[in-house]
Amino acid sequence: MANSVSGKAFDLKLLGKILRYIKPYRFLFYGSFFLTILLSVLSTARPLLIQYLIDNFIVNGNLEGLTNYTLLLTGLLVIEALVQFLFIYGANFLGQSIIRDLRVQLYEHILSFKLKYFDQTPIGTLVTRAVSDIETIADIFAQGILVIFGDLLKITVMVSAMFYFFDYRMVLIALSVVPVLYYATRMFQLKIKSAFQEVRTQVSELNAFVQEHISGMNVLQIFNREKEAMEDFKAINAKHRDANIRSIWYFSIFLPVIEIMSAISIGLVVWYGGFQAAGLNEKLSLQLWLLDTMSWSTDGLIREITLGEITAIIIFINMLFRPLRQLADRFNTLQMGMVSSERVFKILDTKDRIEDKGEQELQDVKGEIEFKDVSFGYKEGEPIIKNLSFKAEPGKMLAIVGATGAGKSTLINLLGRFYEIWSGQILLDGVDIRTVKLSNLRTHLAVVLQDVFLFSDSIRNNITLNKDVSHEEVAEAAAFIGVNDFIETLPDQYDYNVQERGNMLSVGQRQLLSFLRAYVSDPSVLILDEATSSIDTQSELLIQKAIEKITKGRTSVVIAHRLATIKAADKILVMDKGRVVEEGNHEELLAKDGYYTRLYQMQFKSEERDS
């Protein structure tokens, strides 16, 4: 999947997409905004109250007033802490609620994709999008937008209060470092976007690599490729480290700049206020020459500044620079969330899905299948199936044979509309399957693949796939096709957890469960891709009996690899290079002494001799 960097430090269009998910929780969102306003007022009141307490009670030695105002200040801090708690809880609750909805939407969207999309997209990439990327989006609300708005509002209210309550010249001196700070913040903002885009890209690459190589661990070990895999992992891991170090580099520059600016601001205030508080007004004349050269009036320039004012200004500076310092982290969080949301919305905006425009719903399907001049390929200009035509009669078994790459397995994908054909028609009971609702079409089909996939769950849930099927029905079906005996030998029988991909079971046992899963769904059409894996004789016999029972009385399309299955078929299609080259039953095809005969002699004659 391509990864694009927008190049914007802040994408308002993307933010608008995210904010649409607020609608169901708008009251919580507005409530959180109200709490940020309340917090900015309470935070601003604290230094002003301390100034009043110092100038009116500490300096004058008024212990009674000092006690009363100390209690008032304590109460203010308790209220501020309570409001802070409500804000943090509300903002995080909002973020988690939004990503719950977004993750459900994303997963539902992924479920609708064509198989072609999964062929081209690493599983680890999709896992990253659905899990860690969406989790990062929650921080846009918990640590991003709301908190940044609150910090900016707090800064605005505090600066306004400083100009209103204190000497504006001292405030200007305190804020003289802001232009430098703004420039540093803006540069940091621009640089960190691309840095975190690269971080998320490398996380995705690392996840995809680890997932793929753990899944293929048996291949690595069989072919003794552990060292090579380790070297590849080190290279990808190094890229991940470098991407993170790059973002850390920007932080390591930006945060000390904030600290230096804060120290300079406090130093200037102490310098200016100290002179004023000491009454050394005459010594300020040289330092104020800049104001005179700018034609500012110096009337009333010199006045005494109280100890409470200096203390309050220093507290304000610390309170101003604390959110400024934290804005770096907040912006980091916001940028990470924006980068992640860009990736998630890229998947949500992907339209690589089967068009489900059919309106018909088939009932009482007999199972007549017909391909009419069907052409298809997985890549444009590279057809796998070429003008293919054949017919499978209702209730009959159609076996498809041919060399590897002849296009046999492709038919399974086309029957279930997992891929769209290029041209021609596929009919089920005389109805073009493109005019049938996709969900209705697939209720009439059951597919048994070579590579049996079992979920890490109980045998019962793997058979029913959580459909409303009773235990008695499952056990009865298992007994009918001869699977019940081996299930009952397992420790927890139908509740036995087969673990990831059914690794606790043998190949033959997994195949038997896949037959049972297909049988329980009671399909009108059974599509079976026989496994080519070598299995023990007992499992082979059970599988053959299971095939006979589940195919009896229903239309069956079997990609056959076993001679017994081929002989049992009512009709055999012989495929080569995407075309049907011969058709008929076993005896008829042997009598033709053509392609099937050569295939039989190469693949099946030894099997017949051994049997």
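None of these values were measured; they are calculated from a predicted model.
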> Can you name the salt bridge (Lys or Arg N to Asp or Glu O under 4.0 Å) partners of Asp432, sequence neighbours left out?
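If we apply the salt bridge (Lys or Arg N to Asp or Glu O under 4.0 Å) test to Asp432, skipping adjacent residues, the hits are Arg434.
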> With side chain to side chain contact (heavy atoms under 4.5 Å, CB included) as the test, pick out the partner of Ile527 among Ile559, Val558, Val447.
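Single side chain to side chain contact (heavy atoms under 4.5 Å, CB included) partner of Ile527 among Ile559, Val558, Val447: Val447.
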> Starting from the C-alpha separation in whole Å, work towards a yes-or-no answer on side-chain contact (heavy atoms from CB on, under 4.5 Å) for Tyr419 and Ile384.
CA-CA 12 Å; Tyr419 295 85; Ile384 302 295; over 6 Å; no
> Please find the pair of heavy atoms, one from Leu206 and one from His240, that lie closest to each other, and give the distance.
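Distance-wise, the nearest heavy atoms are CD2-CG, 4.2 Å.
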> For Gly424, does its backbone N or O pair with a side-chain atom of Asp373 as donor and acceptor, under 3.5 Å?
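Such a contact is absent between Asp373 side chain and Gly424 backbone.
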> Can you tell me how far the NZ atom of Lys234 sits from the CG atom of Asp232, to the nearest 0.5 Å?
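CG of Asp232 is found 11.0 Å from NZ of Lys234.
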> For the pair Asn413 (side chain) and Phe418 (backbone), establish whether a donor and an acceptor sit closer than 3.5 Å, ignoring hydrogens and angles.
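The answer is no, because no donor-acceptor pair under 3.5 Å joins these two groups.
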> Where do Ile400 and Val557 land on the side-chain contact (heavy atoms from CB on, under 4.5 Å) test, with the steps shown first?
CA-CA 7 Å; Ile400 303 173; Val557 179; 3.7 Å; yes
> If we only count heavy atoms from C-beta on, is the Val344 to Leu106 side-chain gap below 4.5 Å?
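The answer is yes, as the side chains (C-beta and beyond) meet within the 4.5 Å cut-off.
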> Under 4.5 Å between any side-chain heavy atoms of Ser340 and Ile137, yes or no?
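Touching, per the 4.5 Å side-chain cut-off.
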> Hey, are the side chains of Leu428 and Val525 touching, using non-hydrogen atoms and a 4.5 Å cut-off?
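Yes - at least one pair of side-chain heavy atoms lies under 4.5 Å apart.
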> Is it true that a side-chain atom of Glu588 and a backbone atom of Asn585 form a donor plus acceptor pair closer than 3.5 Å?
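Looks like yes, one N/O pair under 3.5 Å.
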> So does Lys386 have more than 12 non-hydrogen atoms from other groups sitting under 6.0 Å from NZ?
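Count over threshold, so yes.
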> Under a 4.0 Å threshold between the charged nitrogen and the carboxylate oxygen, would Glu205 count as salt-bridged to Lys239?
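A salt bridge is absent here (no side-chain N lies under 4.0 Å from a carboxylate O).
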> Between Asn387 and Ser375, which heavy-atom pair has the shortest distance, and what is it?
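Shortest heavy-atom contact: N-OG, 3.0 Å.
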> Okay, side chain of Ser423, backbone of Ile421: is any donor-acceptor separation there less than 3.5 Å?
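No; zero donor-acceptor contacts below 3.5 Å.
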> Is there a side-chain contact between Ile385 and Arg579 in this structure, where contact means two heavy atoms from C-beta onward sitting under 4.5 Å apart?
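Contact flag for Ile385/Arg579 side chains = no.
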> Let me confirm one number: the CZ-CG distance from Phe371 to Leu415, rounded to the nearest 0.5 Å.
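Here the interatomic distance stands at 4.0 Å.
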> Dump the intermediate steps for side-chain contact (heavy atoms from CB on, under 4.5 Å) on Ile18 and Phe345, then the final yes or no.
CA-CA 9 Å; Ile18 300 169; Phe345 283 118; 3.6 Å; yes
> Residues two or more places apart in sequence or in another chain: which of them pass salt bridge (Lys or Arg N to Asp or Glu O under 4.0 Å) with Lys391?
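Expected list: Glu368.
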> Can you say whether the rings of Trp422 and Phe376 are parallel (under 30°), tilted (30 to 60°) or perpendicular (over 60°)?
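The arrangement is tilted - the two ring planes meet at 30° to 60°.
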> Taking the side chain as every heavy atom from C-beta outward, state whether Leu398 and Leu573 have any atom pair closer than 4.5 Å.
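In contact.
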> To check you understand the geometry: which heavy-atom pair defines the closest contact between Asp429 and Asp364, and what is its length?
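Distance-wise, the nearest heavy atoms are OD2-O, 4.3 Å.
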> Provide the closest heavy-atom pair for Glu393 versus Thr555 in the form atom of the first, atom of the second, distance.
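Residues Glu393 and Thr555, closest heavy atoms: O-OG1, 3.7 Å.
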> Treating Arg442 as the side-chain partner and Arg417 as the backbone partner, does any N or O pair qualify as donor plus acceptor under 3.5 Å?
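Yes.
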> Quick one: does Val431's side chain get under 4.5 Å of Val436's, heavy atoms only?
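Contact flag for Val431/Val436 side chains = yes.
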> Counting only heavy atoms from other residues, nucleotides and ligands, does the tally under 6.0 Å from NZ of Lys396 exceed 12?
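Result for NZ/Lys396: open.
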> Evaluate the criterion side-chain contact (heavy atoms from CB on, under 4.5 Å) for residue pair Arg20 and Lys17; output intermediate values, then yes/no.
CA-CA 5 Å; Arg20 285 202 295 267; Lys17 281 186 174 182; 3.5 Å; yes
> Nearest 0.5 angstrom please: Gln425 CD to Glu370 CD, how far?
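Interatomic distance, Gln425 CD to Glu370 CD, rounded to 0.5 Å: 8.5 Å.
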> Out of curiosity, Arg343 CZ to Leu348 CG, how far, rounded to the nearest 0.5 Å?
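Separation between the atoms: 14.5 Å.
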> Would you compute the distance between atom CD1 of Ile369 and atom OG of Ser524 and round it to the nearest 0.5 angstrom?
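So the CD1 of Ile369 and the OG of Ser524 are separated by 10.0 Å.
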> Please examine the side chains of Leu414 and Ile426, heavy atoms only from C-beta on, and report whether any two atoms are closer than 4.5 Å.
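Yes - at least one pair of side-chain heavy atoms lies under 4.5 Å apart.
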> What distance separates Ile236 CD1 from Phe209 CZ, expressed to the nearest 0.5 Å?
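Answer for the CD1-CZ pair, Ile236 versus Phe209, is 4.5 Å.
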> Would a 4.5 Å heavy-atom cut-off, applied to side chains only, mark His444 and Asn440 as touching?
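When only atoms from C-beta onward are counted, Asn440 and His444 do touch, with a gap below 4.5 Å.
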